[in-house]
Amino acid sequence: MTSRKPSLTELSDGVRSGDRRALARAITLVESRRDDDRRDAEALLDLLQPATGKALRVGVSGVPGVGKSTFLEALGTRLCDRGERVAILAIDPSSAISGGSILGDKTRMERLARHERAFVRPSPGGGALGGVAAHTREAILLCEAAGHGVVFVETIGVGQNEHAVAELVDHFLLLVLAGAGDDLQGIKRGILELADGVAVTKADGDNVARATAAARELEGALHILRGDAVVPVRTCSARSGAGIDEIWQGVVAAVDAARTSGALAARRARQDATWFERALDEAIRARFLGDPRIRSRVEALRLAVSEGRISPTLAARRAVDDVAPAGEPRSGRHPHPPE
Ligand SMILES: Nc1nc2c(ncn2[C@@H]2O[C@H](COP(=O)(O)OP(=O)(O)OP(=O)(O)O)[C@@H](O)[C@H]2O)c(=O)[nH]1
Ligand SMILES: [Mg+2]
């Protein structure tokens with residue numbers, strides 16, 4: 001591909017042929033907020049739609065420093081060496097603020113990033129988390145169209161972004177650290193409720209016994225918390241390689257079982273329904289605020305809210321009433337109201 005801007009058909013063909021530059025370019029396009037780029041992105045995704053949906057999508061989350069990137073480098077390299085094509089999308093919500101930690105991820109996965117069957121892509125966190133996840137969802141689809149059979153999404157386990165990521169994947173793997181006895185206190189219940197599997201990391205050297213004990217303790221806690229859902233807890237070390245294959249076998253077995261039982265199809269259908277609602281909200285909002293008159297009216301109402309002159313709910317209702325007054329028939333029996 002030349003450096004001039006490729007047409008959408010060229011870009012689509014490039015992605016489908018597995019050309020990394022085309023894939024990188026396509027992801028940049030779906031990350032763009034510009035109106036014309038958005039339109040192109042939607043058209044591109046539409047062209048590629050038939051080639052999507054075939055990958056095993058795995059979310060990997062955990063607190064900063066738990067070892068997500070190192071784990072993915074170790075696992076990803078093994079999978080690539082066995083002939084698998086692996087993509088890793090690393091979301092970093094803090095990068096919008098710090099501006100720098102993205103680079104950290106890329107360097108931590110240096111070896112894998114150079115592998116001919118791997119594609120490593122850090123995603124800037126800028127803006128709302130919903131927005132990040134929306135772009136990540138589209139990036140997953142692009143990686144699938146490019147022929148990657150496994151797509152990992154690395155996300156830092158702070159705040160709400162892991163909820164959004166759990167809505168994108170077939171399996172959500174939580175990495176945790178063995179602490180000094182009080183380790184379970186540090187893991188948020190909400191995150192444990194999302195996990196399909198848990199791995200205690202850095203089980204090497206004199207940390208092995210502690211990691212094993214933490215895994216056992218966590219298994220007990222999960223049993224109480226999740227009842228009938230079996231959430232396996234394993235230990236691993238990206239450094240020694242211990243446990244990495246077992247964790248992957250566990251992921252594959254769980255997803256295979258879900259595929260056979262129909263739970264995987266149901267999960268993806270539920271995720272698509274959620275994304276439709278989200279996209280609908282966003283489209284309505286964008287269309288609404290795209291009108292300069294409405295935008296300035298909304299600005300005025302926003303000011304009034306901040307000055308306490310009007311309640312937030314009433315202000316929102318006023319803004320909408322201006323455009324679509326309640327009670328005026330806009331459909332049904334009067335599809336074409338007389339001029
Ligand atoms: N001993 C040991 N150290 C590890 C292991 N995995 C990672 N580390 C170290 O832990 C630190 C953090 O590892 P990362 O893989 O960057 O962790 P991360 O979760 O991706 O971190 P963020 O992306 O910043 O959230 C690094 O210094 C690694 O060398 C392991 O299996 N054993
Ligand atoms: Mg990382």
(message) With salt bridge (charged side-chain N to carboxylate O under 4.0 Å, His left out) as the criterion, how do E42 and R39 come out once you've worked through the C-alpha distance, each side chain's angles and the decisive distance to 0.1 Å?
(response) CA-CA 5 Å; E42 280 156 18; R39 257 172 249 277; over 6 Å; no
(request) Supply the members, apart from L280, of the Ile/Leu/Val/Met/Phe/Trp/Tyr cluster built from side-chain contacts under 4.5 Å; use none for a lone residue. (result) F276, I284
(request) Identify whether the distance between the nearest side-chain nitrogen and carboxylate oxygen of E167 and R278 falls below 4.0 Å. (result) yes
(message) Between D291 and R293, does any NZ, NE, NH1 or NH2 come within less than 4.0 Å of an OD or OE carboxylate oxygen?
(response) yes
(message) Tell me whether E282 is salt-bridged to R285, with the criterion being a basic N under 4.0 Å from an acidic carboxylate O.
(response) no
(request) State, yes or no, whether a side-chain contact exists between R57 and L141 at a heavy-atom distance under 4.5 Å. (result) yes
(message) Less than 4.5 Å apart, side chain to side chain, heavy atoms only: is that true for V150 and W248?
(response) yes
(request) Taking the side chain as every heavy atom from C-beta outward, state whether L23 and H148 have any atom pair closer than 4.5 Å. (result) yes
(request) Please report the C-alpha distance between R82 and D245 in whole Å, then the side-chain angles of each, then the deciding distance to 0.1 Å, and finally whether the salt bridge (charged side-chain N to carboxylate O under 4.0 Å, His left out) criterion is met. (result) CA-CA 12 Å; R82 288 175 207 154; D245 283 335; 2.7 Å; yes
(message) Assess whether a salt bridge exists between R38 and E138, defined as any Lys/Arg side-chain N lying under 4.0 Å from an Asp/Glu carboxylate O.
(response) yes
(request) Take R121 and T28 through the side-chain hydrogen bond (donor to acceptor under 3.5 Å, both in side chains) test and state the conclusion after the steps. (result) CA-CA 10 Å; R121 171 78 177 206; T28 304; 3.2 Å; yes
(request) Return yes when atom CZ of R216 has more than 12 non-hydrogen atoms of other residues, nucleotides or ligands closer than 6.0 Å, and no otherwise. (result) no
(request) Compare every heavy atom of V15 with every heavy atom of A26, then report the nearest pair and how far apart it is. (result) CB-CG2, 3.8 Å
(message) Going by the rule side-chain contact (heavy atoms from CB on, under 4.5 Å), which residues pair with A203 if we only count those two or more places apart in sequence or in a different chain?
(response) A211, T235
(message) Take a 6.0 Å sphere around CZ of R16 and say whether it holds more than 12 heavy atoms from other residues, nucleotides or ligands.
(response) yes
(request) Report yes if the side chains of V230 and H223 come closer than 4.5 Å at any heavy-atom pair, otherwise no. (result) no
(message) Hydrophobic cluster membership, with links at side-chain heavy-atom distances under 4.5 Å among I/L/V/M/F/W/Y: are V66 and V208 in one?
(response) no
(request) Would you mind reporting whether D196 and L173 have side-chain heavy atoms less than 4.5 Å apart? (result) no
(message) Taking side-chain hydrogen bond (donor to acceptor under 3.5 Å, both in side chains) as the criterion, tell me which of R268, Q271, R267 meets it with D170.
(response) R268
(request) Please check if any side-chain donor atom of E10 sits under 3.5 Å from a side-chain acceptor atom of S7, or the reverse. (result) yes
(request) State whether R259 and D256 are salt-bridged, where the test is any N-O pair (Lys NZ or Arg NE/NH1/NH2 against Asp/Glu carboxylate O) under 4.0 Å. (result) yes
(message) Check R111 with E73, please: is the shortest side-chain N to carboxylate O separation under 4.0 Å?
(response) yes
(request) Measure across A166 and L194 and return the closest heavy-atom pair with its distance rounded to 0.1 Å. (result) CB-CD2, 4.1 Å
(request) Could you tell me whether the side chain of H163 reaches within less than 4.5 Å of the side chain of I191, counting heavy atoms only? (result) no
